[in-house]
Protein chains: 2
Amino acid sequence: MAESTAKPPAKNSAKTSAKSRRGGRASKSGTKSPKLGMTESGKRVTSYDVARVAGVSQSAVSRCFKPGASVSKKMRDKVMTVAKELGFQPNAIARSLITRRSNMVAVIINNLTNLNYPELLVQLSRRFDERHVHVLLFTLEHESDVDKMLDQVWQYQVDGVISAARLSEEQVSFFEERGVPLVFYNRSFQDFPVSAICCNQEEGERLLVNKLHGAGHRNFAVISGPADSVVSNQRTQGALNRLKELGVTKVPVEEGDYGYDSGRIAFRHLMSKRKPPDAILCANDVMAIGCMDAARHEFGLKIPEDVSVVGFDGTSTGAWASYRLTTIDQPLEIMAEAAVNMLMERVENPELPPEKRTFSGVFLEGESAQL
Amino acid sequence: MAESTAKPPAKNSAKTSAKSRRGGRASKSGTKSPKLGMTESGKRVTSYDVARVAGVSQSAVSRCFKPGASVSKKMRDKVMTVAKELGFQPNAIARSLITRRSNMVAVIINNLTNLNYPELLVQLSRRFDERHVHVLLFTLEHESDVDKMLDQVWQYQVDGVISAARLSEEQVSFFEERGVPLVFYNRSFQDFPVSAICCNQEEGERLLVNKLHGAGHRNFAVISGPADSVVSNQRTQGALNRLKELGVTKVPVEEGDYGYDSGRIAFRHLMSKRKPPDAILCANDVMAIGCMDAARHEFGLKIPEDVSVVGFDGTSTGAWASYRLTTIDQPLEIMAEAAVNMLMERVENPELPPEKRTFSGVFLEGESAQL
DNA sequence: ATATCCACTGAATCCTAATTCAAGCAACCC
DNA sequence: GGGTTGCTTGAATTAGGATTCAGTGGATAT
């Protein structure tokens with residue numbers, strides 16, 4: 001059984017065709033190659049090597065590694081034994097070339113913004129891994145790098161893309177032209193159809209406003225994220241719109257950058273106004289936390305007695321005992337799952353029309369606001 | 001000049017060899033392909049397509065995309081014009097296959113532990129991107145998945161690997177056998193040579209102990225990370241060793257899991273002891289924060305008056321006004337830079353012997369400890 | 001005018017697994 | 001037994017860019 005060795009060099013007799021290239025003799029029985037996964041000549045073990053040693057054709061080896069292929073048990077055992085012996089692993093690169101499926105997806109994020117992107121990344125990766133799909137990571141430093149980055153994305157023949165970074169309509173249509181499925185994460189267009197997974201920022205913000213307004217607050221302020229953040233704008237606008245509906249106007253808006261310090265600074269600015277707010281809507285949790293710290297430590301205010309602060313995101317830090325932040329929890333895991341599903345559906349079936357799935361955030365009552 | 005069209009189908013006359021495969025006629029001048037980057041037949045544009053339209057050989061096209069290759073300006077212009085016109089991008093997969101360089105590196109992390117891994121990831125990605133190397137992400141859920149994951153790593157022919165996850169010596173030697181450079185991040189072996197970038201956990205912890213001891217603390221406790229975390233063990237042992245040297249023994253150790261809640265729980269346990277500690281060394285910042293919150297909010301203690309708490313990591317959260325944690329700052333960016341450099345050096349020159357670079361943490365004085 | 005050199009260029013080949021197609025073979029049916 | 005069906009198997013081909021090697025043509029040197 002284990003004599004997978006003897007079998008003479010097969011029958012490629014006549015012409016010394018392309019098949020007879022790999023010089024080395026079949027490894028002498030028992031004399032293991034010095035290094036696992038390497039031929040004597042120091043190259044990676046290929047399916048041809050396995051075929052030669054096992055005395056079968058390369059096609060057979062290939063088939064043995066394809067689940068569901070038509071191979072006899074005897075053949076499969078023989079090949080698998082040799083493969084293990086030589087440390088053969090199919091070359092995913094070569095496979096991708098011929099199948100036109102790389103089993104890689106690109107995930108694009110711009111590090112600047114949202115602090116929970118790294119967490120998103122881990123969530124996505126886990127779920128793709130389960131499907132034997134791998135994440136090729138692209139991080140964006142500056143908006144200007146987008147085109148160069150996209151070139152790289154094309155070159156790597158990824159099967160699909162998840163983007164948590166902003167892309168222009170033109171850039172998006174390149175994806176369509178090239179037939180590469182794209183799913184946006186918390187981003188989409190007004191009148192340009194794209195697939196996207198979103199959290200309903202506006203709705204969540206309106207909910208917060210309702211609660212605060214219902215509790216008697218009339219003196220609002222908003223701390224927004226960076227002006228070029230789509231999510232921030234949605235949140236900020238959601239809040240302002242609802243406030244307006246409720247008859248609250250002249251709401252001061254301070255621009256932050258999603259960071260802790262910017263929350264503190266924004267709070268200081270708000271306090272320097274003629275009529276400081278008693279309810280502050282922050283575009284994310286971290287700024288809300290900065291806000292609270294400034295209120296308490298710089299102004300000696302009590303929260304929520306003196307001022308109510310609410311955030312958005314539902315980060316774990318917001319739940320820490322020092323903050324107990326009232327916020328909207330963005331269902332990160334569910335959204336990650338949905339994004340992966342949506343993308344893979346489109347990889348399998350590129351004809352699917354664009355679809356947008358919007359998840360509602362979950363109100364998370366803490367103790368940072370009087371409600 | 002722009003009549004890059006006419007030029008008859010070159011001179012591959014006689015045998016209809018492999019070269020004449022691509023069926024389509026040269027695109028009629030001016031009649032742009034409907035989709036950028038696609039041929040009329042809906043396939044991706046290849047270097048052959050560009051060659052055909054430009055009336056040159058495929059070799060020429062290839063050379064034009066290789067910086068420093070011997071090509072005349074005229075040729076380069078002609079090819080580049082057509083390439084742009086057709087939306088051609090070289091196929092990185094095909095290139096990898098022939099060059100045996102994928103320009104991809106694997107980054108392995110296990111999500112469970114260290115909360116700053118996501119941040120590390122972003123740092124690494126940025127730096128690799130600068131070198132036109134791409135990060136293929138592998139996240140580990142359970143230790144048991146390692147082997148399956150490593151198989152995937154081999155299959156994708158990555159040029160190198162950075163691992164922030166624990167690997168067995170056997171697994172590490174596979175890397176060596178296969179000639180894939182491996183750099184550990186905050187992990188290494190006692191008597192098994194590997195390349196690694198580390199923060200000197202022990203030293204940092206000793207420094208903290210010295211400071212606390214010097215300030216008169218004698219009643220210590222340690223909150224460790226998970227038992228199977230190498231980093232946690234180094235930190236914990238570093239602290240205990242130094243304490244022993246200073247004559248402090250019988251130091252209670254509570255095991256946490258690096259999470260906020262585990263810090264709180266550990267603190268409760270410590271307070272239930274006959275003689276509660278007045279100085280607590282936590283294996284990371286997040287647990288230290290949990291500890292502080294428990295002390296303040298559950299036991300009404302003052303920090304640092306009633307109890308000193310120190311952490312390790314230097315996360316941004318530790319600096320928040322509510323905590324002002326005294327800790328050791330692990331130089332994440334410097335370490336990321338070093339890891340990328342070390343890996344790429346080894347990719348260029350696989351003969352380099354294993355090397356370990358150890359960075360000292362920086363003492364960060366907050367207000368969570370009486371020093 | 002002939003020789004020498006250099007910068008380019010193209011044909012052929014390589015990399016490695018998947019797939020197609022036809023052949024081989026055994027079991028099965030009537 | 002001859003024909004048929006169905007399962008296996010191998011040879012040849014494919015994917016698409018890089019590289020080698022043998023030119024080709026022009027410029028300079030003799």
Side-chain angles (χ1 to χ4, degrees), chain A residues 10-22 39 43-52 54-76 78-79 83 88-103 155-157, chain B residues 7 10-23 39 43-52 54-76 78-79 83 88-103 155-157:
Chain A
K11 67 206 81 168
N12 50 347
S13 48
K15 55 185 174 185
T16 314
S17 77
K19 257 77 240 179
S20 66
R21 42 189 161 179
R22 264 158 238 297
T39 62
K43 298 163 93 95
R44 277 190 161 83
V45 171
T46 72
S47 59
Y48 285 101
D49 298 315
V50 175
R52 187 165 33 72
V56 302
S57 72
Q58 180 269 328
S59 332
V61 176
S62 173
R63 271 193 290 265
C64 288
F65 278 83
K66 174 173 176 167
S70 167
V71 205
S72 66
K73 175 162 165 28
K74 202 175 136 199
M75 166 74 84
R76 173 162 267 133
K78 184 162 56 174
V79 169
F88 168 72
Q89 293 282 145
N91 182 329
I93 297 284
R95 170 183 297 159
S96 303
L97 186 58
I98 187 85
T99 60
R100 292 135 172 282
R101 269 286 285 267
S102 63
N103 286 310
Q155 296 199 5
Y156 276 87
Q157 318 289 119
Chain B
K7 213 125 188 187
K11 66 204 81 165
N12 51 346
S13 48
K15 54 184 174 185
T16 314
S17 77
K19 258 75 239 180
S20 65
R21 42 191 164 179
R22 265 155 237 298
T39 62
K43 297 161 93 96
R44 278 189 160 84
V45 171
T46 71
S47 60
Y48 287 99
D49 298 315
V50 175
R52 187 163 34 70
V56 302
S57 72
Q58 179 267 331
S59 333
V61 177
S62 173
R63 270 193 291 265
C64 288
F65 279 83
K66 174 171 177 167
S70 167
V71 205
S72 66
K73 175 162 166 28
K74 201 175 138 200
M75 167 72 85
R76 172 162 268 133
K78 184 161 57 173
V79 169
F88 168 73
Q89 292 282 143
N91 181 329
I93 297 283
R95 170 184 296 156
S96 302
L97 188 56
I98 187 84
T99 59
R100 291 136 173 282
R101 270 286 287 266
S102 62
N103 285 311
Q155 296 199 5
Y156 275 88
Q157 318 290 118

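Heavy-atom basis, side chains included; hydrogens, waters and symmetry copies ignored.
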Let me know the distance between [atom1] of [X] and [atom2] of [N], rounded to the nearest Å.
X        : N      : atom1 : atom2 : answer
B:Asn103 : D:dG17 : CG    : P     : 16 Å
B:Arg101 : D:dT19 : CZ    : C1'   : 17 Å
A:Lys78  : D:dT8  : NZ    : P     : 14 Å
B:Tyr48  : C:dT13 : OH    : P     : 12 Å
A:Gln89  : C:dT16 : CD    : P     : 15 Å
B:Lys74  : C:dC8  : NZ    : P     : 12 Å
B:Ile93  : C:dC14 : CD1   : P     : 22 Å
B:Arg76  : C:dC8  : CZ    : P     : 10 Å

Legend entry - CZ-CG distance between B:Arg95 and B:Asn103, expressed to the nearest 0.5 angstrom: 7.5 Å
What heavy-atom pair brings [X] and [Y] nearest, and what distance separates the two atoms?
X       : Y        : result
A:Phe88 : A:Val45  : CD1-O, 3.4 Å
B:Leu97 : A:Ala94  : CD1-CB, 3.7 Å
B:Ser96 : B:Ser102 : OG-CA, 3.3 Å
B:Gln89 : A:Gln155 : NE2-NE2, 3.1 Å

Inset, instruction - Only counting residues at least two apart or in another chain, list the ones meeting salt bridge (charged side-chain N to carboxylate O under 4.0 Å, His left out) with A:Arg101. - result: A:Asp159, A:Glu348
Inset, instruction - Indicate, with a heavy-atom threshold strictly under 4.0 Å, whether A:Ser72 touches base, sugar-phosphate, or nothing. - result: sugar-phosphate
Legend entry - Inter-end axis angle, the helix from C:dA1-D:dT30 to C:dC30-D:dG1, with every axis fitted to five base pairs (rounded, 10 degrees): 50°
Inset, instruction - Identify, between A:Met75 and B:Asn91, the residue whose nearest nucleotide on DNA chain D lies closer to the 5' end. - result: A:Met75
Does the side chain of [X] get closer than 4.0 angstrom to OP1 or OP2 of [N] through an N or O atom?
X       : N      : answer
B:Ser57 : C:dA11 : no
B:Arg44 : D:dA15 : no
A:Arg95 : D:dA15 : no

Which of these nucleotides, [options], is closest to any side-chain atom of [X]?
X       : options               : value
B:Phe88 : D:dT9, D:dT14, D:dG17 : D:dG17
B:Leu97 : D:dG16, D:dA18, D:dT9 : D:dG16
A:Ile98 : C:dC15, C:dT9, D:dT14 : D:dT14
A:Lys43 : C:dA17, C:dT9, C:dC15 : C:dC15

Can you give the donor-acceptor pairs under 3.5 Å from side chains of residues 55-65 of chain A to other protein atoms, not counting sequence neighbours?
from	atom 1	to	atom 2	distance (Å)
A:Ser57	OG	A:Ser59	N	3.4
A:Ser57	OG	A:Ala60	N	3.2
A:Gln58	NE2	A:Ser47	OG	3.4

Inset, instruction - Applying side chain to side chain contact (heavy atoms under 4.5 Å, CB included), name anything that partners A:Gln157, two or more places apart in sequence or on another chain. - result: B:Arg44, B:Asn91, B:Ile93
Legend entry - Along DNA chain C (nearest heavy atom to each residue), the more 5'-positioned of B:Ala94 and B:Lys73: B:Lys73
Let me check something: any side-chain donor-acceptor pairs from residues 67-74 of chain B under 3.5 Å, sequence neighbours excluded? List them with distances.
from	atom 1	to	atom 2	distance (Å)
B:Ser72	OG	B:Met75	N	3.2
B:Lys73	NZ	B:Asp77	OD2	2.7

Inset, instruction - Return the residues of residues 59-68 of chain B meeting this criterion: a heavy atom under 4.0 Å from some atom of DNA chain D. Order them by number, or give none. - result: B:Ser59, B:Ser62, B:Arg63, B:Lys66
Legend entry - Any N/O donor-acceptor pair, A:Gln58 side-chain to D:dA11 base, under 3.5 Å: no
